[in-house]
Amino acid sequence: MSVPYYVTTPIYYVNAEPHIGHTYTTVVLDTVARYHRLAGEDTFFLTGTDEHGDKIAEIAAERGVSPQEIADEYSAAFSSTWKELGFSFDRFIRTTDPDHKSVVQAILQKVYDAGEIYFQEYEGLYCVGCERFLTDRDLEDGLCRDHERAPEKRNESNYFLRITAHFDWLADHIQQHPDFIRPERYKNEALSMLREESGLGDLCISRPKERLEWGIELPFDSNYVCYVWFDALINYLTGIGYPDGPKFEHYWGSAEHFVAKDILKPHAIFWPIMLKTMGLPVYRHLNAHGYWTVNGRKISKSLGNMVSPIDMKERYGFDAFRYFLLREMVFGLDSDFSEAALIRRINADLANNLGNLVSRTLNMTARFADGAVPKAGEPGDLEREIQAAAPETAARVDEFVRRYEFHRALEAIFEFLDRVNRYLETRAPWKAAKDPANADRVATTLYTSCESLRVIALLLASFVPDTAQEILARLGIADALKTARLPDDAGRWGVLEPGTATTKGAALFPRIEVPDEAD
Ligand code: ME8
């Protein structure tokens, strides 16, 4: 089998409809999964929903329905939205799936038998939003920093996982593998969580049933259910058939998790230690990104600013929205969303730049070459420059996608696109075609533009899949993505066969007119 590549989104809580934040992480995953598949890697893309815990039990109680009903409703909202948006995931896991429940119980028993779990009475401040006991550092003016709500004082006997005993080992591992957690700022944050003064203690992994029944029962004590984070993280193993499925053995060594910075601690600290206590190798990389704000404000239900990806798809087309998300956010840093900024990007990059090149090239091919890819004559300097830029661009895109620098990858593709637009301006085939003596030069120019469009479409295929497919179809090579290998096929020149029938089609991205005050 070919090189494995296993990527995961966080599994989303079933307490909200999917919004721009969840959509961003899933768009990133869809993009890398598509890219690595096109690069011939054996890719597995996992996403899903996180359904147990206080938070869900609380909503169910408020609504007077069972937690399972809430979980079914919201999980379906995520899975149907993800399908409607065309995400190419290989499994949508739910933590209420039967295979997940047995995996969690088997792991709990294994770790318990290994002596890594102990029982103790505990008193502390508990935040239902975080689903955990807080430390002093989590508090600001007595309120949970993340949820801005007062934690509850709780006194309970519970089971704890000995995580503190593994801090030195984990700190060493992080230092010896500098890109284990990336970008670097999050590696540094994880290291500082492991320092003694951070006050991070052992991890409480149980909840007494008298307080919370909605969870997976501990196999060694039926009075308790498993803490939701311990259960949730294990989805990354269940999703590929742990413990003895063939997929598990194939994929686990290549695991890459993607999360936003809100859930750095469970992924950077709890999860590697959990894996260690289970006797499993740790994941390959944890990739953390920043937050989306909307018009400069945090996304929240109460502000009513939860940008819906389905609304965006209906209004602008989903490719335009995904392009914006990937082009605008520097992976790792925060970014702001506004419709005005989205419209600016659509007009500048997609309508003017890309859309224009597609329509000019295909209209002229229809007019001056009878709607078929013409045969190129001898290339001049300008053609040779474009031919040389194609493999360079493909190599840069490959490097940037593999480093998760999506904005740079798109920048590189659009630099190539600009170059082709400038080339067309210089060759001006619409003028040259007036004199039949220029027929050969016009054919060469149009071949160069059509072939450049093929290169651009292959490189864009992971970022804006429907648009790329449409361009390829108009170029008469609708099946190109079925066999293409990136980066080589995008960098190879002369693949389009002269004589291939092309189609003009409507504008790919019509310009969006906005009144001036929209800015
Ligand atoms: O934390 N900006 O689920 P969750 C960017 N169930 N990304 C955002 C975002 C924003 N404003 N808001 C949400 C949980 N996200 C747990 C995870 S994993 C074993 C368990 C994205 O529904 C981002 O990926 O709160 C973030 O990490 C995740 O949604 C949190 O989703």
Side-chain angles (χ1 to χ4, degrees), residues 7-30 32 46-56 59 70-71 74-75 77-79 81-82 87 92-96 100 103-104 107 127-132 146-147 186 203 215-216 226-239 255-272 274-275 283 286-301 303 305-309 324-326 328-337 404 406:
V7 280
T8 70
T9 68
I11 44 170
Y12 304 111
Y13 282 132
V14 284
N15 64 351
E17 302 281 335
H19 60 60
I20 180 173
H22 313 117
T23 307
Y24 174 71
T25 319
T26 318
V27 161
V28 162
L29 266 281
D30 189 58
V32 294
L46 181 72
T47 187
T49 43
D50 183 359
E51 308 187 4
H52 294 123
D54 285 315
K55 228 191 286 249
I56 313 307
I59 299 176
I70 296 286
Y74 283 102
S75 182
F78 273 97
S79 63
T81 303
W82 285 178
F87 291 144
F92 187 96
I93 191 170
R94 301 183 56 182
T95 53
T96 49
H100 180 67
V103 165
V104 170
I107 287 175
C127 172
V128 173
C130 297
E131 303 261 19
R132 64 182 172 85
D146 284 345
H147 295 93
Y186 299 116
L203 180 67
I216 298 175
C226 178
Y227 169 47
V228 64
W229 267 105
F230 190 95
D231 152 6
L233 288 160
I234 289 171
N235 92 86
Y236 302 135
L237 301 179
T238 313
E256 303 243 348
H257 303 306
F258 290 74
V259 297
K261 60 187 179 181
D262 54 339
I263 50 176
L264 183 68
K265 188 186 281 178
H267 285 85
I269 312 292
F270 304 161
W271 183 225
M274 282 170 62
L275 289 164
Y283 51 78
L286 173 63
N287 308 287
H289 62 77
Y291 281 150
W292 280 98
T293 50
V294 173
N295 295 313
R297 309 187 70 171
K298 198 173 157 177
I299 299 171
S300 85
K301 261 190 188 171
L303 287 174
N305 61 354
M306 320 240 300
V307 176
S308 146
F324 173 86
L325 296 177
L326 294 165
E328 205 76 6
M329 180 173 260
V330 175
F331 191 88
L333 304 180
D334 295 346
S335 244
D336 187 53
F337 171 82
Y404 306 141
F406 308 106

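Order of appearance sets the numbers: ligands from 1, and atoms from 1 within every ligand. Keep in mind that the numbers below use all heavy atoms, side chains included, and drop hydrogens, waters and symmetry copies.
A cation-pi contact, defined as under 6.0 Å to the ring centre and within 45° of the axis, links K55 to Y13.
Taking every non-hydrogen atom of I299 and a distance limit under 4.0 Å, the qualifying atoms of ligand 1 come out as 11 (N). When each atom of ligand 1 is checked for a heavy atom of H289 under 4.0 Å away, the hits are 5 (C), 7 (N), 24 (O). Residue contact check: T25 has heavy atoms under 4.0 Å from atoms 21 (C), 23 (C), 24 (O) of ligand 1. Under a 4.0 Å criterion applied to the non-hydrogen atoms of D50, ligand 1 contributes the atoms 6 (N), 16 (C), 20 (C). Atoms of ligand 1 lying under 4.0 Å from at least one heavy atom of Y291, given by number and element, are 2 (N), 5 (C), 10 (C). Distances below 4.0 Å separate heavy atoms of Y236 from the following atoms of ligand 1: 18 (S), 19 (C).
Between A232 and ligand 1, no pair of N/O atoms sits closer than 3.5 Å. Distances between N or O atoms of I11 and those of ligand 1 include at least one value under 3.5 Å. Below 3.5 Å of separation, one finds an N or O of W292 facing an N or O of ligand 1.
If you look at H267 next to ligand 1, the close heavy atoms, those under 4.0 Å, all belong to the side chain. For D262, every heavy-atom contact with ligand 1 shorter than 4.0 Å involves the side chain, none the backbone.
Closest to atom 8 (C) of ligand 1 by heavy atom, among A16, G290, P18, G21, is G21.
Checked by atom type and distance alone, the side chain of H100 pairs as donor or acceptor with a backbone atom of D231 at under 3.5 Å. In this structure, the side chain of D50 does not engage the main chain of A232 through any donor-acceptor pair within 3.5 Å. Counting only distance, with no hydrogens or angles, the side chain of D336 and the backbone of N295 share a donor-acceptor pair below 3.5 Å. Looking only at distances, no side-chain donor or acceptor of N287 sits under 3.5 Å from a matching main-chain atom of E256. Between the side chain of T95 and the main chain of E51, a donor-acceptor pair closer than 3.5 Å is present. Under a 3.5 Å cut-off, the side chain of N305 and the backbone N or O of K298 do form a donor-acceptor pair.
Inter-residue side-chain proximity for F230 and F270 is flagged as unmet; no heavy-atom pair is nearer than 4.5 Å.
Relative ring orientation between F331 and Y404 is described as tilted, the plane-to-plane angle lying within the 30° to 60° band.
Closest to atom 25 (O) of ligand 1 among all protein heavy atoms lies Y13 CD1, 3.5 Å. In terms of protein heavy-atom proximity, atom 31 (O) of ligand 1 is closest to Y12 CD2, 3.7 Å. Atom 1 (O) of ligand 1 has as its closest protein heavy atom I263 CG2, 3.4 Å. Of all protein heavy atoms, the one closest to atom 12 (N) of ligand 1 is H19 CE1, 3.4 Å.
Judged by distance alone, the side chains of H289 and T25 do bring a donor and an acceptor atom under 3.5 Å apart.
Residue contacts with ligand 1 do not include Y24, since none of its heavy atoms lies under 4.0 Å from the ligand. Residue contacts with ligand 1 include W229, since one or more of its heavy atoms lies under 4.0 Å from the ligand.
Checked against V103 for a side-chain contact (heavy atoms from CB on, under 4.5 Å), the options N235, T238, I216 give a single hit: T238.
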